[in-house]
Amino acid sequence: MDRRNLTMPGLGFLLQACSVIDFDKSPIELKSGASKALNDSSLSSMSGRVGQGLAILYGHRLGLKFTAHLRSHVESLPAGNSGLLHKNEAMADFLFADDQKTVIIESKGSFSLRENDPSPIKAVLKAALQDQVDPWMIYLQPTPSNGYVTYSCIREAGSEPSAMFVVDPEGGSLESSDVPLSVEQVMRENYGAWLRAMGMTDSAERLLNSLSDVRGAVEYSFLIVDVEGRKFAFPDGSLSFMPFYYSPWQWKGIWIGIGLDFLVLQAISSAIQSKDILLQKLLVSSSDIRELSYRNASVFPDGSIFGQIEFDVVDYVQVML
């Protein structure tokens, strides 16, 4: 896999999802025959991946801008940290954070549950809550503000409408915690994932590891693009051209890319170059970081953008990362 450009795997998943899910329906539903072709276990893991995507959107709906994988967070702990004792245990999918608090969410998904039968729904939610959420409400420190399990059931026409079921634990615990967690760390892991997706793996490591040598920061070239009045930065050469037909004069197609709001990129650069600067403080003071409605591309509340880009390049800049 070419780690310099991870656009294609994400695009491939979206194309696959569009082939089996009718996004024009409200609520969304599976296309005819999809539940048999892609069942929950033996033929595809796609129901789980769709469930994860919907859980992320649910987190955004709760006002939680930043996302990290819980397992990746635990596995990145330094040697000797007592939290590593739990790395082989079942755990929730995601850590979420806003500017002040953290939340954990475990996602489940199904293409084959045709009815809102309380018994199987409660069984899935209860098992996930007990095994993957409740223990981590104890392990993580500071204790997350809340934890959720989401169960997304996408169905074909003729069944009950597609639905998402959500449950949260009853409360916290006074037991001691082993795994350090902070809003700042979730934010850094969130943007570290986007940097890796844009091919800047070393920069992601520098952002995540506050003890790294900031002198190792590298200067990158970015295209600055105006999208609905906001400036977004895309690594120079990272946009992928997807041709769909050829005219006698030129190829016709679209540009696909992953980028970040330029204000976010500048904050990340500052955090990488100075061990004393908190990314959380820089971004809290920036009121321009917000979700944006833009056709053919997703602009997320953390300032990231992915999808088809129709643009005029307004500037080229160099950024240390």
Side-chain angles (χ1 to χ4, degrees), residues 1-7 9-10 52-53 55-56 59-60 64-79 81 83-84 87 91-99 102-105 140 144 179-220 222 232-235 238 257-284 286 289 298-306 319-321:
M1 179 183 293
D2 184 0
R3 293 186 177 274
R4 295 169 299 177
N5 188 343
L6 297 180
T7 305
Q52 288 179 331
I56 291 175
H60 290 170
L64 304 166
K65 300 178 183 179
F66 312 106
T67 315
H69 281 100
L70 178 54
R71 185 169 298 279
S72 296
H73 171 74
V74 174
E75 292 177 348
S76 69
L77 294 173
N81 188 291
L84 290 173
K87 70 176 183 179
M91 63 183 74
D93 287 320
F94 301 113
L95 293 169
F96 284 84
D98 60 12
D99 300 330
T102 59
V103 168
I104 57 177
I105 296 181
L140 294 173
V179 184
L181 175 67
S182 68
V183 170
E184 177 74 14
Q185 184 64 19
V186 175
M187 292 175 70
R188 286 176 179 254
E189 292 186 12
N190 175 89
Y191 289 119
W194 284 113
L195 290 176
R196 283 191 292 271
M198 292 189 290
M200 293 175 283
T201 304
D202 291 344
S203 298
E205 293 304 315
R206 283 188 284 274
L207 179 63
L208 291 171
N209 184 5
S210 60
L211 299 179
S212 62
D213 188 350
V214 296
R215 292 175 298 179
V218 175
E219 187 174 71
Y220 286 93
F222 286 85
F232 287 87
F234 297 86
S238 69
I258 300 174
L260 288 171
D261 186 293
F262 187 44
L263 293 174
V264 170
L265 187 68
Q266 289 176 309
I268 292 172
S269 176
S270 297
I272 286 176
Q273 293 183 75
S274 175
K275 300 177 183 179
D276 300 324
I277 291 180
L278 291 178
L279 191 59
Q280 180 182 1
K281 183 176 181 180
L282 293 174
L283 293 181
V284 166
S286 178
I289 308 305
S298 295
V299 182
F300 299 104
D302 63 353
S304 56
I305 183 171
F306 172 67
V319 180
M320 297 296 294
L321 292 170

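If you're wondering where the values come from, they're calculated on a predicted model, not measured in any experiment.
- Note that CG of L278 is 12.0 Å distant from OG of S270, once rounded to the nearest 0.5 Å.
- Residues L70 and A92 come closest through the heavy atom pair CB-O, 3.5 Å.
- Rounded to the nearest 0.5 Å, atoms CG (L321) and CD1 (I268) are 7.0 Å apart.
- Nearest heavy atom pair, residue H73 against residue P180, reads NE2-O, 2.9 Å.
- Aromatic ring pairs are classed by plane angle as parallel below 30°, tilted from 30° to 60° and perpendicular above 60°; the pair F94 and H69 is tilted.
- At least one side-chain heavy atom of F232 sits less than 4.5 Å from a side-chain heavy atom of V299.
- Looking only at side-chain heavy atoms (C-beta outward), L283 and V264 come within less than 4.5 Å of each other.
- Nearest heavy atom pair, residue A97 against residue V183, reads CB-CG1, 4.2 Å.
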For this session: Might you work through the side-chain contact (heavy atoms from CB on, under 4.5 Å) test for H60 and I56, ending with a clear yes or no?
Result: CA-CA 6 Å; H60 290 170; I56 291 175; 3.7 Å; yes
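- Nearest heavy-atom pair across G192 and A204 is O-CB, 3.4 Å.
- A side-chain N or O of D302 and one of S304 form a donor-acceptor pair less than 3.5 Å apart.
- Looking only at side-chain heavy atoms (C-beta outward), F222 and F262 stay at 4.5 Å or farther from each other.
- Side-chain contact, T201 with E205: no donor N or O sits under 3.5 Å from an acceptor N or O.
- The main-chain N or O of A68 is never found under 3.5 Å from a side-chain atom of S72 such that the two would form a donor-acceptor pair.
- Counting heavy atoms from C-beta on, the side chains of V319 and L265 come closer than 4.5 Å.
- Distance CD/E184 to CG/D99: 11.0 Å, rounded to 0.5 Å.
- Here the straight-line distance linking atom CE of M198 with atom OG of S203 works out to 9.0 Å at 0.5 Å rounding.
- In this structure the side chain of L279 reaches within 4.5 angstrom of the side chain of R188, judged on heavy atoms.
- Between M320 and E219, the shortest heavy-atom contact is SD-CB, 3.5 Å.
- To the nearest 0.5 angstrom, L181 atom CG is 8.5 Å from E189 atom CD.
- Interatomic distance, W194 CH2 to T67 OG1, rounded to the nearest 0.5 Å: 9.0 Å.
- Using a 4.5 Å heavy-atom threshold, the side chains of F96 and I105 count as touching.
- Here the closest heavy-atom approach between residue A217 and residue R206 is recorded as CA-NE, 3.6 Å.
- In this structure, N190 and L95 have side chains that are not in contact, with every pair of non-hydrogen atoms separated by 4.5 Å or more.
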Exercise. Where do Q273 and S269 land on the side-chain hydrogen bond (donor to acceptor under 3.5 Å, both in side chains) test, with the steps shown first?
Worked result: CA-CA 6 Å; Q273 293 183 75; S269 176; 2.9 Å; yes
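- With contacts defined as side-chain heavy-atom distances shorter than 4.5 Å, the pair I305/S298 does not qualify.
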